[in-house]
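To keep things clear, I will list the structure first and then write my remarks on it.
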Protein chains: 2
Amino acid sequence: MTTRGRGLHGHVLESLGPAITAGEYPPGSVLRTDELAQRFEVSRSVMREAVRVLESMYLVESRRRVGVTVRPKAEWNVFDPQVIRWRLAGADRPHQLRSLTVLRSAVEPIAAGLSARHATAAQCAELTECALGMVANSRGHKLEEYLVHDVAFHRVILNASGNEMFARLGDVVAEVLAGRTHHEVMFEDPDPAAVTLHVQVAEAVRAGDASRAEELTRKITVGALQELDILAP
Amino acid sequence: MTTRGRGLHGHVLESLGPAITAGEYPPGSVLRTDELAQRFEVSRSVMREAVRVLESMYLVESRRRVGVTVRPKAEWNVFDPQVIRWRLAGADRPHQLRSLTVLRSAVEPIAAGLSARHATAAQCAELTECALGMVANSRGHKLEEYLVHDVAFHRVILNASGNEMFARLGDVVAEVLAGRTHHEVMFEDPDPAAVTLHVQVAEAVRAGDASRAEELTRKITVGALQELDILAP
DNA sequence: GTGACATATAAGTCTGACTTTTTGTTCCAG
DNA sequence: CTGGAACAAAAAGTCAGACTTATATGTCAC
């Protein structure tokens, strides 16, 4: 899925990026391009390309006569999908997960409300299909199948909102949901109340009831937040 | 402010990036690194660095034997500050402005609610100071002074929320607000009701009244949305 | 201490040669 | 005519080395 290892510079990034976001090189640390090139056994050109990418993520800053300095965490482009993935994969995972869940709690209800106004017939159909899929797999430890439909459901909502920025959060939400199933504790079947809420959201969107879709989705995301509080109070 | 012309590759980016986001090279277009290098009169190394950055923004995809192809708009990383700036500066401006305003309407109320819980005394003080600054400059065509305090106000809210992702939206919000004052029509003094709402939000945050802060901020962002509908129905 | 100057350093740039992957074509067998 | 294998060309990818430029820091005179 994270098939980003395109070329040598991509390989370097996959090693250096997580190291930086994990705080292995604390903010203010100075790296030298030549030294990094040696360490990773690539040419300077390749290492320079990698540094440029890190720079575009605001993770580092390259200055003459100084070197490549790690920027303070507050300046990182925390919306970059790559950065999010790196942080989710590292020690920062709980913190990143909380940030994303809060973001979801802000965005998804509004997105659902917009979907109720803008969703096409096809999108409504897909949404109900996803909800039914969730119901069908909500019992009997079919967590993987449930996850697939859950992810699809939220993707449709975000896409149907008609807002391109919301739509781009689909991948992130997918990763959060996947993380909940795979990394966090989720031995039991999903909460029946949450499943019902998804079905109701699908109904509300289909009926064009924006405020109801918004409120119901708010309940879903509030549930996700509470779930997080239980796990890491 | 957009002082990103760091190095030759930065200069190339400032020319090529806006061209792509403006649709000058429609999705599917194929560029060749060598040709681009010639056109911009830089070496291939420099052009390759620029392409790598565009690639990390998901604007283009570089493939062997094919070239550098422009990706479909839906895949662009529309959260990248640079991409946002490029689009705001181009023909896509109205569309981008709307997307951002909708995003604001989702995020800022939640951020205000969180601020009511998490804001420090210093942040509360700064917030009321900003609100007072807005009041003081709300009459007599002191639009620039008003803007400064308005931007500062929303930045404090986003920062005080304690959510790093919200905080990173400060720059974007600043750009939207600045755009409203500079590019869009705003001959008259700001809406007195909006000014009052800001003062009330500051009070609510200070009082720790999360739901009130959230609701009041929602009114502010709804106003921003309506304002946009009036300008571009 | 302060300012001007020298120096060392690391990034930045350019060039040219070479490698690798992938596409599209050609050509032969069936 | 079709299908697949072999081949050739094209463009990105990689590397090495030489050179340029900015700039932090140290030095010295004042």
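Side chains included, hydrogens not; waters and symmetry mates left out as well; all remaining heavy atoms used. Below, chains carry the letters A, B, ... as their sequence lines are ordered, and counting in each starts from 1.
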Going by the rule side-chain hydrogen bond (donor to acceptor under 3.5 Å, both in side chains), which residues pair with B:Glu145 if we only count those two or more places apart in sequence or in a different chain? none

Working note: B:Asp80 + A:Arg168, criterion salt bridge (Lys or Arg N to Asp or Glu O under 4.0 Å); need CA distance, chi angles, decisive distance, verdict. CA-CA 11 Å; B:Asp80 190 296; A:Arg168 283 302 284 163; over 6 Å; no

Counterpart residues, side-chain hydrogen bond (donor to acceptor under 3.5 Å, both in side chains), relative to A:Glu164 (two or more places apart): B:Arg87, B:Ser99

Under the side-chain contact (heavy atoms from CB on, under 4.5 Å) test, residues paired with B:Thr128 that sit two or more places apart: B:Ala202, B:Arg206

The first and last nucleotides of DNA chain C lying within contact of chain B, meaning any atom under 4.0 Å from one of its heavy atoms, run from C:dT13 to C:dT23

Under the salt bridge (charged side-chain N to carboxylate O under 4.0 Å, His left out) test, which residues partner A:Arg155, sequence neighbours left out? A:Asp171

Going by the rule ring-ring contact (aromatic ring centres under 6.0 Å, His included), which residues pair with B:Phe79 if we only count those two or more places apart in sequence or in a different chain? A:Phe79

Counting only heavy atoms and a strict 4.0 angstrom limit, can you tell me which residues of residues 34-52 of chain A come near DNA chain C? A:Asp34, A:Arg48, A:Arg52

Salt bridge (Lys or Arg N to Asp or Glu O under 4.0 Å) pairs, two or more places apart, involving residues 103-116 of chain A: A:Arg104-A:Glu108

Report the residues that fulfil side-chain hydrogen bond (donor to acceptor under 3.5 Å, both in side chains) with B:Arg52, sequence neighbours left out, ordered by chain and then residue number. A:His9, A:Glu49, B:Glu55

Summary of ring-ring contact (aromatic ring centres under 6.0 Å, His included) pairs that have at least one residue in residues 147-176 of chain A, sequence neighbours excluded: A:Phe153-A:His198, A:His154-A:His198

With A:Glu75 via side-chain hydrogen bond (donor to acceptor under 3.5 Å, both in side chains) - residues at least two apart: A:Arg71

For nucleotides 21-24 of chain D, list the nitrogen or oxygen atoms of the protein found under 3.5 Å from its nitrogen or oxygen atoms, one pair per line.
unit_1 : atom_1 : unit_2  : atom_2 : d
D:dT21 : O2     : A:Arg64 : NE     : 3.2
D:dA22 : O4'    : A:Arg64 : NE     : 3.4
D:dA24 : OP1    : A:Arg63 : NH2    : 3.0
D:dA24 : N3     : A:Arg65 : NH1    : 3.2

